[in-house]
Structure formats: C-alpha cells, structure tokens
Amino acid sequence: MTATVPPVTAEDVGRRVLKLIDSLRSAQDIAPEHIERVTGMRVEINDDDPNIYGFGGKLTEDWSYSLVSSPDRLGEKPTSLRFSFDDTNRERADRAPICTPDFEGYSKALTAAGFAATPMQTYPGSDAWYFKRGDIGVMAYAQGKSDPQVGPVCLSKLVISAYV
C-alpha cells in the first residue's frame, strides 16, 4: 500500500472518495486495504473491533472530514462506509471550503461512473439523492439549498453500501 500526503482541501478528499466509489464492485472492496490502495490515504483500524476503520482530518478551522466503515453489528464485516464533512464548531460555518466540488459535481461524477440517480424523500429544507450501479448504492445528502444569496449547494455526507 502506498499512502500519500493527506489531502488539504475538500476537493482533494472528495476526488479520492469518488475514485473509491467508482472502484467498488462488492462488499469485499470496502476492505481497508482496498480503500488505502485506491485513495492513497492511511486507514486507521479500531483496536477493539478491526471491522471499524477509516480516515479523517481537519480541513480548516471550522471543517473536518471522515470516511468510516459502518458494520451492521459489532464483530461483523462492514457492508457500508460513511463519508462526511463536519462543521467542527457547530455554528453554521461558511460552506465555501467544502463546496468544491459542489453537490451537483458529486452527482455528475456518480452518473458519469454509471450510477442511476433517483431523488430521495427527505424532510423540508433538505435534499438527498440515491445513486445505484449494480450492487453498489450511494445515498448523497446535501448541505444547503440552491439560493444565489446563500451560495451553492454543498455535499454533507455520502452513505456508500455494497449489497453483496
């Protein structure tokens, strides 16, 4: 495995995660070795449960990112990953540092990779889409709504699932 310098921008980490999603074909591809090989990011494994692993870091004073495995039960191999951008101050920080690519950029990248897109039912003021290709599904959640006064719609999180 060749680990590279951790990303310093949301654009870099986003492109790495999109590359990972494009490489997924089954639950076996959610393994830490595959994640490291495709993203170039060092994956840390939980000492108490080796099925919980991932990477993350700080992007700015107000924003961090993480990609973590999500097993259904302790001790079981995971079939999903969760990627998110998090406002570390919980004070509705300026979204500009996490908005490249914006939500539309993630959507276009997923559809270009062969994923079919379907809007998801969400609560008012929220936006989410479901993308599916073969046995891989991705739920994408937006942060913000389209409003030129406020700025572009940014990605909040992705839930990436393998169904076999």
Side-chain angles (χ1 to χ4, degrees), residues 1-45 51-57 59 63-73 76-86 95-123 125-146 151-164:
M1 290 172 272
T2 307
T4 60
V5 175
V8 293
T9 66
E11 182 175 12
D12 184 31
V13 74
R15 300 258 181 249
R16 290 171 189 246
V17 169
L18 286 167
K19 182 178 175 186
L20 173 65
I21 292 168
D22 189 32
S23 77
L24 299 175
R25 300 293 180 260
S26 70
Q28 288 78 17
D29 294 333
I30 293 177
E33 300 80 16
H34 182 80
I35 295 169
E36 282 189 352
R37 187 173 54 256
V38 173
T39 66
M41 301 293 294
R42 184 175 171 273
V43 172
E44 295 182 26
I45 298 173
N51 294 307
I52 300 173
Y53 46 82
F55 60 77
L59 292 168
W63 291 101
S64 65
Y65 67 92
S66 63
L67 176 95
V68 295
S69 64
S70 184
D72 291 332
R73 294 184 185 103
E76 287 187 3
K77 295 221 179 277
T79 58
S80 64
L81 300 168
R82 295 181 189 276
F83 172 71
S84 65
F85 290 115
D86 302 299
R95 294 188 316 253
I98 64 157
C99 217
T100 304
D102 62 10
F103 190 79
E104 184 178 340
Y106 279 92
S107 296
K108 285 181 178 179
L110 290 167
T111 55
F115 286 83
T118 307
M120 290 174 39
Q121 183 80 17
T122 60
Y123 58 88
S126 176
D127 194 17
W129 285 77
Y130 179 70
F131 298 86
K132 184 155 179 15
R133 180 186 71 193
D135 293 322
I136 305 299
V138 179
M139 289 183 282
Y141 296 89
Q143 188 167 99
K145 289 297 246 174
S146 285
V153 177
C154 307
L155 179 78
S156 173
K157 70 179 168 182
L158 299 171
V159 178
I160 307 151
S161 300
Y163 301 113
V164 290

Approximate separation, where rounding is to 0.5 Å, of Arg16 CZ and Leu67 CG: 12.5 Å
Spatial distance of atom CD1 (Ile30) from atom CG (Leu81) [nearest 0.5 Å]: 4.5 Å
Approximate separation, where rounding is to 0.5 Å, of Tyr141 OH and Met120 CE: 3.5 Å
With Thr100 via side chain to side chain contact (heavy atoms under 4.5 Å, CB included) - residues at least two apart: Glu11
Leu59 side, atom CG; Asp86 side, atom CG - distance, nearest 0.5 Å: 9.5 Å
Partners passing ring-ring contact (aromatic ring centres under 6.0 Å, His included) against Tyr106 (at least two apart in sequence or in another chain): none
Chi angles and distances behind the side-chain contact (heavy atoms from CB on, under 4.5 Å) call for Phe115, Ile21: CA-CA 10 Å; Phe115 286 83; Ile21 292 168; 3.7 Å; yes
All ring-ring contact (aromatic ring centres under 6.0 Å, His included) counterparts of Phe131, not counting sequence neighbours: none
Stepwise side-chain contact (heavy atoms from CB on, under 4.5 Å) test for Ile98 and Tyr65: CA-CA 9 Å; Ile98 64 157; Tyr65 67 92; over 6 Å; no
Distance in Å, Leu24 CG paired with Ile35 CD1, rounded so as to fall on 0.5 Å steps: 8.0 Å
Those residues that, when tested against Asp22, pass salt bridge (Lys or Arg N to Asp or Glu O under 4.0 Å) (two or more places apart): Arg133
With a 3.5 Å cut-off and sequence neighbours excluded, list the donor-acceptor pairs that the side chains of residues 155-164 form with protein atoms.
from: Tyr163; atom 1: OH; to: Tyr130; atom 2: OH; distance (Å): 2.8

Listed partners of Ser26 passing side chain to side chain donor-acceptor pair (under 3.5 Å), at least two apart: Gln28
Check: Arg82 main-chain N/O paired with Ser70 side-chain donor or acceptor under 3.5 Å: no
Salt bridge (Lys or Arg N to Asp or Glu O under 4.0 Å) involving Lys19 - partner list, sequence neighbours excluded: none
Non-neighbouring partners of Ser64 that pass side chain to side chain donor-acceptor pair (under 3.5 Å), sequence neighbours left out: none
Beyond-backbone contact of Leu20 with His34, side-chain heavy atoms, under 4.5 angstrom: yes
Residue pairs, two or more places apart or on separate chains, that pass salt bridge (charged side-chain N to carboxylate O under 4.0 Å, His left out) and touch residues 108-118: Glu104-Lys108
Partner set under side chain to side chain contact (heavy atoms under 4.5 Å, CB included) for Asn51, not counting sequence neighbours: Asp49, Pro71, Lys77, Pro78
Check against side-chain contact (heavy atoms from CB on, under 4.5 Å), Phe55 and Thr39: CA-CA 10 Å; Phe55 60 77; Thr39 66; 4.0 Å; yes
Pairwise distance CD(Gln143) to CZ(Phe103) - rounded to 0.5 angstrom: 11.0 Å
All side chain to side chain donor-acceptor pair (under 3.5 Å) counterparts of Glu44, not counting sequence neighbours: none
Exam field: side chain Thr79 to backbone Ala27, donor-acceptor pair closer than 3.5 Å: no
Stepwise side-chain contact (heavy atoms from CB on, under 4.5 Å) check, Thr118 with Lys132: CA-CA 9 Å; Thr118 307; Lys132 184 155 179 15; over 6 Å; no
With sequence neighbours excluded, residues passing side chain to side chain contact (heavy atoms under 4.5 Å, CB included) with Ala109: Leu18
Heavy-atom closest pair, residues Ile45 and Pro32: CD1-CG, 4.2 Å
